[in-house]
Amino acid sequence: KLKNGLLMEKEGKIEKMEPKYQFGLLSEKDRVRFRDEYTAISGMPYSTFYQKLTRNGFRPLELRYFNEIIQSYLNNNS
């Protein structure tokens, strides 16, 4: 499957993608649900979330939670 110029062969490979590309794999409805869930858990404002997403500026712990949550969304859509 080709998405945003990156070849994804295995489920584990998705975690190595930048967060904005992982986020882009979700449907519009799931993006909103994911964003709401992530910002509620992290306490991060929407504007900060989108800033970090576009600049790949997540800190290691933020990125860990991002990957854990997004995997559940991506696995549900497989």
Side-chain angles (χ1 to χ4, degrees):
K1 189 174 178 185
L2 193 60
K3 182 70 176 183
N4 297 326
L6 298 174
L7 183 61
M8 299 175 300
E9 295 174 356
K10 297 180 185 173
E11 194 172 300
K13 182 97 171 165
I14 291 172
E15 284 189 42
K16 291 179 176 47
M17 293 173 63
E18 286 185 17
K20 65 182 174 183
Y21 296 122
Q22 293 181 60
F23 189 70
L25 295 174
L26 301 177
S27 67
E28 188 173 338
K29 179 180 169 186
D30 282 344
R31 286 180 197 165
V32 171
R33 287 178 43 225
F34 173 84
R35 179 206 61 203
D36 291 346
E37 182 178 349
Y38 184 84
T39 55
I41 289 171
S42 67
M44 185 181 293
Y46 289 170
S47 59
T48 303
F49 170 78
Y50 284 113
Q51 243 179 5
K52 288 181 179 246
L53 187 66
T54 57
R55 296 179 183 165
N56 195 23
F58 290 99
R59 294 182 176 191
L61 188 57
E62 294 169 339
L63 189 56
R64 182 177 142 211
Y65 287 125
F66 183 97
N67 286 330
E68 287 176 7
I69 297 168
I70 204 156
Q71 283 302 315
S72 67
Y73 281 86
L74 293 171
N75 291 337
N76 288 338
N77 290 331
S78 296

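Between R64 and L61 there is a side-chain heavy-atom pair separated by less than 4.5 Å. By the 4.5 Å heavy-atom criterion applied to side chains, Y65 and E68 are counted as neighbours. In this structure the side chain of P19 reaches within 4.5 angstrom of the side chain of N56, judged on heavy atoms.
Between atom CD of residue Q22 and atom CG of residue L63 there is a gap of 7.5 Å, rounded to the nearest 0.5 Å. Atom CD in E18 sits 9.5 Å away from atom CG in L53 (nearest 0.5 Å). With rounding to the nearest 0.5 Å, the separation of OG1 in T39 from CD in E37 is 9.5 Å.
Between F66 and F58, the ring-plane angle classifies as tilted under the 30° and 60° cut-offs.
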Item to check | Intermediate values then yes/no, ring pair (Phe, Tyr, Trp, His ring centres under 6.0 Å), F23 and Y73 | outcome: CA-CA 10 Å; F23 189 70; Y73 281 86; 9.5 Å; no

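The side-chain contact (heavy atoms from CB on, under 4.5 Å) test with I70 is passed by exactly one of L26, N75, L25: L26.
Both L74 and I41 sit in one connected hydrophobic cluster of ILVMFWY residues. Membership requires side-chain heavy atoms under 4.5 Å apart, directly or through other members.
Counting only distance, with no hydrogens or angles, the side chain of Y38 and the backbone of E62 share a donor-acceptor pair below 3.5 Å.
Under the 4.0 Å criterion applied to side-chain N and carboxylate O atoms, R33 and D30 are assigned as salt-bridge partners.
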